[in-house]
Amino acid sequence: MSENSLEGRTVEVSGIPNEVEDEFLGLFFENKRRSGGGALASLRRQDSCAVLIFEDAEVAKRVLSKGTHVLHNAKLTVRKPTPKDPRKVLLRGMNASTAKEMVEVFVENVTKLDSTGYLMYPSPRRDEVLVHFHKPLSEQEFRRLADKVRRRLLDGARIEAEQIERTDSVIVEDLRSTTTEDMLTLYFENKRGGGEEVKDVTMVADGMARVTFEDWEAVDRILQRSHKLDGSNLSLQPYFDFLLPGKYPPSPSTPNGTEEGHGDSAGHADSTGHADSTGDLYTDTLRCDTTREELTDSTREMYPDSPKLYSSNILLDDPVKLNLLQCSHLLQELQQGHQDFGIQIVGNGVQISGPNQLTSEQLKKRILEVLSGIAQAHLPFSTQKATFLSRSEVQESLRKSLEQEGMLATYTASDCTVTVIALTLDMVKKASSLVKSLVCDFTMPIAAEYECMLFSDEWPKFLSSLSLCSAKVTDRGDEINVVTLRGQEEETRSKIEFFLSNPVEQESVITMEPGMLRYLQTHCHMLLADMNQVTIFPLDGDDITGLRLHGQANACQAVDELLRNVVASVHTRTITLQRPGVARFLVEEQGTSILNQIQTKFEVVISLERVHWVPLQSENIFEDAKKFTPPPSFERHPSADTDSLTNADEQARDLNNPETVLLEEAKKLISVIRKDDHELLDTATSAPGTAAAGISMDEDLYTDQLLPLSSLDNKDTLAEMEETPGITTEGESEGAVGGNPELNYVKQLSMESSQVDGVLEEDAQLSLAIQFSMENNSDPVDKEDELQKVLELSRRTAGQGRTSGTSELDQAIGLSIQDAIKAAHTAQILVYAGYNTDLIRVDIALGKKTELRQCKETIESKCLKNLSEHHRSCVDLIQRKHAVDITIQGTTATVQGFKEYVSEAVLDMNKLVNHISATVPDPDILRSVQWVWYKEQSNAIPYPPKATIYIEHAFKQKQKKIDIVFDKQPCTISFEKMEEYNIASGKSLPIARKQLSNMDIYSDVTEIEDFTALSSMPEITRVNEATDEFRDVVQAFYGSINEFHNKIRIIKSKCLKNLSEHHRSCVDLIQRKHAVDITIQGTTATVQGFKEYVSEAVLDMNKLVNHISATVPDPDILRSVQWVWYKEQSNAIPYPPKATIYIEHAFKQKQKKIDIVFDKQPCTISFEKMEEYNIASGKSLPIARKQLSNMDIYSDVTEIEDFTALSSMPEITRVNEATDEFRDVVQAFYGSINEFHNKIRIIKVEKMVNSLLYNQYKLKKASMLQTCTQADVERTLYHGTSETGMREICLHGFNRSFCGKNATVYGQGVYFAVESALSVQDQYSPPSEEGYKYVFVVKVLTGEYTKGKHEMKTAPLKENSRIPLRYHSVVDSTDSPSIFVIFNDTQAYPEYLITCQKVYG
């Protein structure tokens, strides 16, 4: 159903008072505040009910969601309109005299169904017939059926078919006379009867009632259940009023479409409305001592030629008695004596029908006599015996025993009573005596050593395997009570004794991760050793890891349960470390040693099964980089004139080449043979609109796109489509927001045509090769030449295959290198511990130890600015080899990772820089060297300039051969043979290197170092640091280094010129801390000392410089901030200017308290208590910090770094509750909190000052104002988060990489709410351990926005923009947005942090 269809906009209203006029009713439901409604399209009223049709489906949903409405103190009930019943069709307009057989033939003719596919219910006037189909009809099927019915005449009448609405009522039959309407209401509203809300109950006749429900959907649920009330099994059918003739409805036709005689039909409808031949639809049921017979005069009038039939029914509620009657062969005897009568058991009764009423009465009387003679006896048994007798196999065995004794009897067992039923009283006595004698019981004592077997898992399995036996252990546990049939005692006893005396050997496996197994073996070995009742084998294989237990079943079960509890009690955590080279570090010796120390210290087990590091096998990085650098492609003749000459020459050569002529002829022949295939291709790849013209197209059910048959038949084509960049199998461009069918069709057509051309060329070559190989009529002398042609064609095919696969292979190698680099920088460690706190301690310890071993080095070189693809591949291999992270920006390369690995990588990077620097410039090469190739009987033809440069570089690097592409044909140049080999054609051309000038272009260049270290370099080996040789060299070196032993570093900054006394004290402390000498002259600070100490001291000096630079000038402080103190019953008194500056500096440095002297009296100012304490007098005065202006004096200042190194958090200050700033924030927060107004209490409001984030935000805002068409690009929104997320946002701002935690319905970005009511929900701001919730008040640059979608990773492009501009944000609804999503982190600045708490009670 469409969202705005008529059915979706319609609402039914009931319970309308008579005094309410239609106009007033319409106004009520158009009032959104009172009823949630809106504009009405129409209103139809009938008595106390009305049908409303709204203009918008959303309005109808709002009205329905409120449930009950109150108008004039009357409750109005609203509900969805009753839908049509897909199983029922009503045929109207028939002649009353039309025979039923004609109606059946008509229905079967138009529906193409046989007699078992439907039921018919004629109306009392016989001008309407309700047809009930067993299978539901779709809307399309009904329209076709109605059209067929309308076009055909039935007995001269025009018939109309219509679908009827679902009924909200059922007819309940077989009620007892004592059942009341209230009892039915309570029953159906109870869970036992379905738990549905009853609207009305009406008693239609004796034993029959109509029950109406509030919801029509309840009818289907009620009919699917079986019902029993007041000891009677109820029969339920759906209710339709047009079938009722006044008080009673007619009987339905039977499944074959005809009534059974002229009497009442004996077919009941089950809960699904299908007849099961047990009674009439909506009929009064009869007891076993009553009958119902009726002469159907109406039937006789309809069929005057039919014989008169009389029918009687005897209904039995007791299925046991009915079963006895069936087994007595009485009915068979009566049937044989009266062939013209029908006597059969139908449902829960006996049906008698025949032509003679007197005989029918006699047969009924005979059956009732037999039924009245049925007797029963109640035998008391113990619960165990009664349960044993109720088992099906026991009942079957006792039934056979009764039959062998000639007794027609049966029994039922419930609780502690067994009821025996037989046809006569005497037979009941004999059957009861026999049942008692066949059941026996005995008791078996249990030895103490066997008691454990009764509690094993094998004991219930053993009991279930015993047939005709019931065994139960006594409450004391020392005996077994056994119940069985006579003759089975000894066999049962022996089986039980054998089971108890022969313990079952059991084997079980407890699977676990390898780290868990190591933890149990290391820290639970004493526990495992004490479990000597079973044998425990550790399993540590590739397929399974864990413990295998073997032993007696009971012992094995106890050990298994204990070990599983132990495993469940072990705490586990996955710690993810993301640092350059961390995977290599952990698996090598130094990292393994650290892990062993941590495991010993914290008594944990650390598993590295998810840490992946494989050393690079090859040391030849330069050569490896060449493997996945694709060969360059050049045009052999770049000039137009040369092209025309070459093309003409090539054409002439092709025409003179008989092989080319044969190949063209073969292609023509193949194209003729495959004409049908081409026609199919043309048909399949025709324009999308031709599909409607009857052209065969296959539909892709997954993509909703039409793919040609040829593409579906060619698996290679599909595979290529999937691998082609920019084209997906759905036919959509990867970068597009929505698919363009015409563009997709053109792409698909071009791909298929290229595939066809390639296949035609390949088939032609293959056909020509086969023809060459199979020609036997040629001269034997030419056979060798023909063989050479076949081999040449084969080489061509191989060369083309190689060319097509080269780029894919190179791409795969490049991707594998990048994956290996990422894997080296990430390590997932599984930690197993006995306590959760140990996991936290291990996480902290690992983070610290790996962080301390990280270092960073930089390499400066101009040649790094523009690296070639080959050189970038070298950098990637260096990262892969040494497990470091190398980033290149401009002329600087930064190498970061573990210290040892960084040192190794820097050596290789320096080699790469030297190698690049040693390369001769391209212009010099072209001026001095020329590479040429020779065509047949022609002069030397020079290579293009770019090809000459590429070949010369390879020649100077002493490579033996290189791969190169000329005119899209793969070739190989061999410097040993000095020739060019064309892989496709198999031909070779001689080449040469010509010196154009005498200038030696390599004279001023450093010798090109062989990067592979395999050239004529002398052997260089590293001296072991533990040897005497190493110590002697180092001592001699340091003995002569003298003044160069120390290192000097210079720091320049204007803020060093005039240091305060406090800052000079900081410099003295840095000298004391690092044992260095620091001298300051003007704006220069010189740090001198040992290398390691100087580096550490320089870091602290830089922190001090940044701290001084970030300090706000004193005049700005006095203009924007004022510190005041309050005397008793007086206004605020400001502090002196110098005191204000001193206090503000201390406050901004996050000091808790300061000492100060006022009027020669020592005082203490506490920023936590915001008070001034006089030490001499012992009195305290309240103080406050006032903002004199709205100017943010810290917005243009570099972030003040906490010089104490205790925190890198931005500045967060608590907003005073007495200020207007606090009131404005709180009023806005509570103004949109809606239903949470009395449920949320604000604890505090803090103001964020993060200069870095704010400066980024201002730059982004300025950029948006230039491109945005609307002036207002900024909004104040809310963002709820957890305690962990709060700290992350305070420190780093918003990060869209964390999106998805609370779903990504409108895109994968950062979400903000217009109203605070959304942010305070637990889903978005979960309470912390203290119960606090955190909500940010955020300035967000929303700019221009559109509606978001789940798959969006960035804002979409604007639709009508001539240039590719994107929206700035997306929303949930463009008309009235309540949620904004941004994809750029700098578009949001957290201004305030509100800490709040839920209020309960």
Side-chain angles (χ1 to χ4, degrees), residues 580-581 615-629 632 814 817 821 855-929 946 948-960 962 975 999-1023 1037 1044 1091:
L616 190 63
Q617 298 297 330
S618 176
E619 296 292 332
N620 195 342
I621 295 176
F622 200 69
E623 288 297 326
D624 287 343
K626 294 176 183 176
K627 292 180 181 178
F628 61 91
T629 303
I817 292 294
I821 294 173
C855 72
K856 182 191 298 184
E857 291 197 23
T858 59
I859 301 172
E860 293 277 349
S861 177
K862 294 181 179 179
C863 62
L864 293 173
K865 193 169 185 180
N866 296 310
L867 293 181
S868 65
E869 187 176 354
H870 172 64
H871 293 147
R872 290 190 182 277
S873 301
C874 293
V875 174
D876 290 340
L877 283 177
I878 293 173
Q879 295 184 83
R880 169 67 180 88
K881 176 183 177 182
H882 301 293
V884 296
D885 179 62
I886 302 177
T887 56
I888 299 177
Q889 294 183 348
T891 60
T892 304
T894 304
V895 185
Q896 187 174 1
F898 287 86
K899 186 175 181 180
E900 298 81 0
Y901 312 152
V902 169
S903 301
E904 298 169 356
V906 167
L907 292 177
D908 281 347
M909 283 296 295
N910 286 329
K911 288 182 180 180
L912 177 61
V913 170
N914 294 335
H915 172 79
I916 300 172
S917 302
T919 304
V920 177
D922 296 343
D924 292 345
I925 292 176
L926 295 176
R927 284 195 298 269
S928 60
V929 176
K946 291 185 179 180
T948 297
I949 295 170
Y950 177 73
I951 297 171
E952 177 66 15
H953 282 312
F955 177 76
K956 296 306 293 182
Q957 292 171 8
K958 300 173 184 176
Q959 299 184 35
K960 294 182 179 181
I962 59 173
F975 296 112
M999 177 184 65
D1000 186 2
I1001 59 175
Y1002 301 100
S1003 60
D1004 297 330
V1005 179
T1006 307
E1007 177 66 21
I1008 299 178
E1009 183 179 2
D1010 187 356
F1011 195 70
T1012 62
L1014 297 176
S1015 64
S1016 59
M1017 291 285 291
E1019 181 180 359
I1020 300 176
T1021 59
R1022 184 169 181 172
V1023 180
F1037 176 77
F1044 297 102
K1091 181 179 179 181

>> Ala883: which residues meet the side-chain contact (heavy atoms from CB on, under 4.5 Å) condition with it, sequence neighbours left out?
In response: Arg584, Trp613, Ala824
> Roughly how far apart are Ser873 OG and Arg880 CZ, rounded to 0.5 Å?
Replying inline: 15.0 Å
> Do the side chains of Glu952 and Leu926 get nearer than 4.5 Å, heavy atoms only?
Replying inline: no
> Minimum heavy-atom separation for Ala954 to Ile962, with atom names?
Replying inline: CB-CG2, 3.5 Å
>> Evaluate Asp876 against Ile878 for side chain to side chain contact (heavy atoms under 4.5 Å, CB included), listing each step before the verdict.
In response: CA-CA 5 Å; Asp876 290 340; Ile878 293 173; over 6 Å; no
> Say you draw a straight line from CZ of Phe975 to CD of Gln959; how long is it, rounded to the nearest 0.5 Å?
Replying inline: 7.0 Å
> Would you say the side chain of Leu912 lies within less than 4.5 Å of the side chain of Ile916, judging by non-hydrogen atoms?
Replying inline: yes
Show me the donor-acceptor pairs, under 3.5 Å and distance only, between side chains in residues 860-868 and residues at least two apart or in other chains.
unit_1 : atom_1 : unit_2 : atom_2 : d
Glu860 : OE1    : Thr892 : OG1    : 3.0
Glu860 : OE2    : Thr892 : OG1    : 2.6
Ser861 : OG     : Cys863 : N      : 3.4
Ser868 : OG     : His871 : N      : 3.3
Ser868 : OG     : His871 : ND1    : 3.0

> At what distance, to the nearest 0.5 angstrom, does CD1 of Ile821 lie from CD1 of Ile886?
Replying inline: 8.5 Å
> For Thr948 and Val929, which heavy atoms make the closest approach, and how far apart are they?
Replying inline: CG2-O, 4.1 Å
> Which distance, rounded to the nearest 0.5 Å, do you find between the CD of Glu900 and the SG of Cys855?
Replying inline: 8.0 Å
>> For Lys856, give me all partners under side-chain contact (heavy atoms from CB on, under 4.5 Å), at least two apart in sequence or on another chain.
In response: Thr894, Gln896
>> Just to verify, what does Glu904 make a side-chain hydrogen bond (donor to acceptor under 3.5 Å, both in side chains) with, not counting sequence neighbours?
In response: His882
> CD1/Ile951 to NE2/His953 distance, rounded to the nearest 0.5 angstrom?
Replying inline: 11.5 Å
> Looking only at heavy atoms, which two atoms of Gly897 and Val902 are closest? And how far apart?
Replying inline: N-CG2, 3.3 Å
